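Bear in mind the structure is a predicted one, so any value in this text is a computation, not a measurement. Proteins get letters first, then strands, A, B, ... in listed order; numbering begins at 1 in each.
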Amino acid sequence: MTVALWQSIPFACILLPLFGAAVCLALPRRLARLWATFLMAAVTCMSLVFLVYMIPFGKSYNYPMGHFPAPFGNELRAGTLEAVLGLLFAGLTLICTLGGSRDAEHDISEGRQGLYHVLLLLMEAAMMAQVYTNDLFTAYVFVEIMTIAGCGLIAVRSEPGRAIVSAMRYMIMNSIGSAMFLLGIILIYDLTGHLLMENLHDSVVQLQAGGQYSQPLTMVVALLCSGLAVKSALFPFHSWVPDAYSTATPASASLLASLVSKSYIIVMLKVVFRILGTDVINAARMDDVFFVFGAAGMLIGSAVAITVPDVRRLVAWSSVAQIGYIFLGLGLHAGDAAVWHILTHAAAKSILFLSLPSLIPAGSDGSLRDLRGAGYRAPLAGVAFTTGALSLIGIPLMGGFITKLTLAQAALGAGGAHMWISLAALVLSTVLNVGYMLRCVLVFYSHPEEDAVPAAAPVRRGFALASVLVVLIAANIALLVFAQPILTAIRSGFAMFD
Amino acid sequence: MGLTNYAELAAIILFGIGFTILLIDRNLIKKNIGFAMTDSGMYLYLAAKGYISGRKAPIVVNGVTEMSAYINPIPAGLVLTGIVVSVATSAVMLALTVRLYRKYHTLNIDEIADKARKERE
């Protein structure tokens with residue numbers, strides 16, 4: 001097979017930030033920032049070009065690394081689903097980094113600024129590799145790189161103490177997840193002798209058809225899926241989430257919430273749909289596990305979000321609920337709804353985390369009573385937060401609406417108890433969403449009391465954040481306007497999985 | 001037929017002990033040790049599965065090139081990669097542990113979390 005130039009883009013998207021990170025280590029602080037921004041912009045542009053070429057190409061292809069043939073070499077694989085996700089991840093990394101750059105300068109001591117950009121580039125390389133890789137062990141290695149980069153992004157804040165505590169909790173939870181995931185990989189390699197996804201799938205189908213090794217196979221399903229679920233902070237493994245998201249600098253928080261936990265779910269999608277296949281997953285009843293924990297996460301995450309007084313923790317708890325939606329989609333066999341919610345939640349959650357620092361007055365701990373009238377003090381940030389909040393609530397103008405629509409359709413298709421439970425969970429969780437999100441919005445637009453905290457912004461955020469917020473508002477609206485073509489691309493990407 | 005897979009048995013026991021410590025113990029250093037044991041158990045399992053008795057490591061010596069003389073090099077390669085990954089992860093966890101101990105003078109994660117919470121209030 002001859003390889004066209006554009007088909008090498010995924011390879012470049014992984015290697016460029018990876019080696020760029022090594023170069024970044026040697027650069028002085030200001031140059032490091034420019035270099036990182038330049039690389040992120042380059043990867044975003046390349047991902048866009050790749051998507052433009054991929055959609056008319058209309059089928060997936062395998063890209064052998066180093067030109068070793070299939071069973072020996074390492075491979076990348078790309079289809080329309082990978083192209084859409086690659087563009088989302090690359091673009092949002094750039095946007096979140098730019099939008100949080102002023103806060104990062106304030107939150108992170110000068111000596112660490114260069115390292116912060118190294119971590120961002122490593123994270124981007126790991127994300128792109130997880131999107132494009134066709135090899136299970138490569139996926140594991142990049143999952144670990146992502147874990148360490150994510151830990152650094154939480155701990156990099158100058159103020160010691162709470163940030164380090166939450167980074168430690170994050171590391172412990174993630175090592176547990178990694179251990180389970182790696183043991184799953186070792187067992188499936190032991191059973192099949194393969195690591196490339198197509199070969200794995202063929203062997204797993206044979207094993208299942210022949211009824212051999214059914215217990216080890218169930219164990220593999222359980223280990224791979226639960227390992228990744230623990231890492232992506234599915235309820236009840238979310239204990240590190242509220243602390244980590246609320247102490248990290250805004251750029252890190254938005255990246256962690258909207259992208260890092262999602263890239264583990266991308267690996268999960270590959271495990272579920274490409275390696276094991278839905279038949280094996282269903283035979284092991286793993287879909288019901290996703291369904292139950294997803295529904296529980298939706299409800300409990302939202303219920304706790306209503307009670308917390310601190311707005312940053314509120315947004316973090318809402319992430320716990322939104323991860324639940326994605327897993328509910330997986331449990332209902334609606335991969336398209338799950339991927340759609342990955343897009344929606346990424347666009348909405350990053351806007352919430354990036355607009356918050358402008359809304360929280362100086363010296364406040366972020367509790368809601370200090371935020372009265374914040375929407376008047378920072379008008380653009382107020383509008384941005386409202387847009388993100390409305391999208392997550394799912395009013396019929398925003399991306400969250402399509403999630404709920406596709407989930408409800410999948411629930412109706414599933415029938416029986418699944419239908420009633422998921423419809424009830426959707427309705428209840430929407431009511432709770434309205435409760436906590438509208439509470440924030442109403443507080444922002446209520447008039448401040450006489451002795452309210454004066455609005456002295458600690459950080460001049462200026463043009464960069466303003467333009468980023470405008471872009472994100474536009475992205476949230478574009479998600480609804482272009483919902484149909486995007487969903488078509490996602491579905492065609494799933495069709496290419498077989 | 002008696003059981004002969006002692007290496008796998010030892011590996012799973014190691015994994016179990018390490019995983020339990022990682023989950024349950026409140027001492028951060030012990031958690032680190034548990035993590036190291038978990039990973040060692042897995043690498044032992046992988047290496048044991050990759051070994052075929054009577055064959056040699058895949059390095060060509062004395063001109064013997066038949067495939068049946070050697071074992072598959074991939075499991076060993078995976079173990080090496082895995083060791084590198086777990087070294088990096090351990091280093092990060094130990095560095096965080098040192099930072100936490102310097103600030104809070106304890107290794108118990110519950111006490112550390114309590115102190116951090118009080119600091120916030």
Side-chain angles (χ1 to χ4, degrees), chain A residues 71-72 74 119 122 135-138 140-145 147-152 154-155 159-187 189-191 193-195 219 223 230 239-240 243 246-247 310 313 365-366, chain B residues 8 11-12 15 18-19 22-23 25-26 28 31-32 34-39 41-50 72-75 77-79 81-82 84-104 109 112-121:
Chain A
F72 307 110
N74 201 334
L119 287 173
L122 280 178
D135 182 290
L136 193 54
F137 201 79
T138 310
Y140 165 72
V141 172
F142 280 99
V143 160
E144 286 298 284
I145 293 180
T147 304
I148 293 176
C151 172
I154 300 172
E159 159 224 358
R162 276 212 305 146
I164 309 284
V165 177
S166 48
M168 191 73 211
R169 289 187 146 181
Y170 166 91
M171 260 335 254
I172 292 170
M173 219 26 152
N174 271 283
S175 334
I176 291 170
S178 308
M180 288 157 79
F181 183 50
L182 180 59
L183 191 62
I185 294 177
I186 291 174
L187 282 180
Y189 180 61
D190 183 22
L191 287 180
H194 289 295
L195 286 170
M219 201 64 208
L223 283 170
V230 169
S239 57
W240 56 272
D243 274 341
S246 58
T247 51
D310 176 347
R313 292 179 80 81
D365 59 353
Chain B
E8 285 89 339
I12 292 301
F15 180 89
F19 201 75
L22 185 59
L23 270 177
D25 206 287
R26 306 318 294 167
L28 286 178
K31 268 190 197 293
N32 271 297
F35 175 70
M37 284 175 75
T38 311
D39 278 1
M42 282 189 286
Y43 303 142
L44 178 58
Y45 186 88
L46 190 52
K49 278 288 168 201
N72 184 352
I74 291 182
L78 297 183
V79 170
T81 317
V84 172
V85 169
S86 61
V87 164
T89 314
S90 298
V92 172
M93 279 176 64
L94 283 170
L96 289 176
T97 310
V98 170
R99 291 277 307 269
L100 286 175
Y101 186 75
R102 281 202 188 128
K103 186 157 166 69
Y104 297 109
I109 185 143
I112 291 175
D114 274 350
K115 286 185 179 172
R117 202 174 299 128
K118 281 192 190 112
E119 186 180 283
R120 186 167 146 225
E121 281 155 11

Exercise. Between B/Thr97 and chain A, which part of the residue has a heavy atom less than 4.5 Å away: side chain, backbone, both or neither?
Worked result: both
For this session: Check whether B/Ala95 gets within reach of chain A through its side chain, its backbone, both or neither, counting any heavy atom under 4.5 Å.
Result: neither
Within-4.5 Å side-chain heavy-atom neighbours: [X] and [Y]:
X	Y	result
A/Ser175	B/Thr38	no
B/Leu100	A/Met168	yes
A/Val141	B/Thr81	yes
A/Leu195	B/Leu78	yes
A/Ile172	B/Phe35	no
B/Leu46	A/Tyr189	yes

What is the minimum heavy-atom distance between [X] and [Y], and which atoms define it?
X	Y	answer
B/Phe19	A/Ala179	CE1-CB, 4.0 Å
A/Arg162	B/Tyr104	N-OH, 4.0 Å
A/Val165	B/Ala113	CG1-CA, 4.5 Å
A/Ile186	B/Met42	CD1-O, 3.6 Å

Gap separating the [atom1] atom of [X] from the [atom2] atom of [Y], nearest 0.5 angstrom:
X	Y	atom1	atom2	answer
A/Met171	B/Leu94	CE	CG	10.0 Å
B/Phe15	A/Leu182	CZ	CG	8.5 Å
A/Asp243	B/Arg117	CG	CZ	8.0 Å
B/Lys49	A/Leu191	NZ	CG	9.0 Å

Exercise. Side chain, backbone, both or neither: which part of A/Leu183 has a heavy atom under 4.5 Å from chain B?
Worked result: both
Exercise. Given a strict heavy-atom distance threshold of 4.5 Å, which part of A/Ile185 is in contact with chain B: side chain, backbone, both, or neither?
Worked result: neither
For this session: Decide yes or no on side-chain contact (heavy atoms from CB on, under 4.5 Å) for A/Ser178 and B/Val85, but give the supporting numbers first.
Result: CA-CA 11 Å; A/Ser178 308; B/Val85 169; over 6 Å; no
Problem set entry | Candidate pair A/Ile164 and B/Lys103, rule side-chain contact (heavy atoms from CB on, under 4.5 Å), full reasoning | CA-CA 10 Å; A/Ile164 309 284; B/Lys103 186 157 166 69; over 6 Å; no
Problem set entry | A/Asp310: partners by salt bridge (charged side-chain N to carboxylate O under 4.0 Å, His left out), with sequence neighbours left out | B/Arg120
Problem set entry | Under the side-chain contact (heavy atoms from CB on, under 4.5 Å) test, residues paired with A/Ser246 that sit two or more places apart | A/Arg312, A/Arg313
For this session: Find the one option among B/Thr89, B/Ile112, B/Asp39 whose heavy-atom pairs under 4.5 Å with chain A are most numerous.
Result: B/Thr89
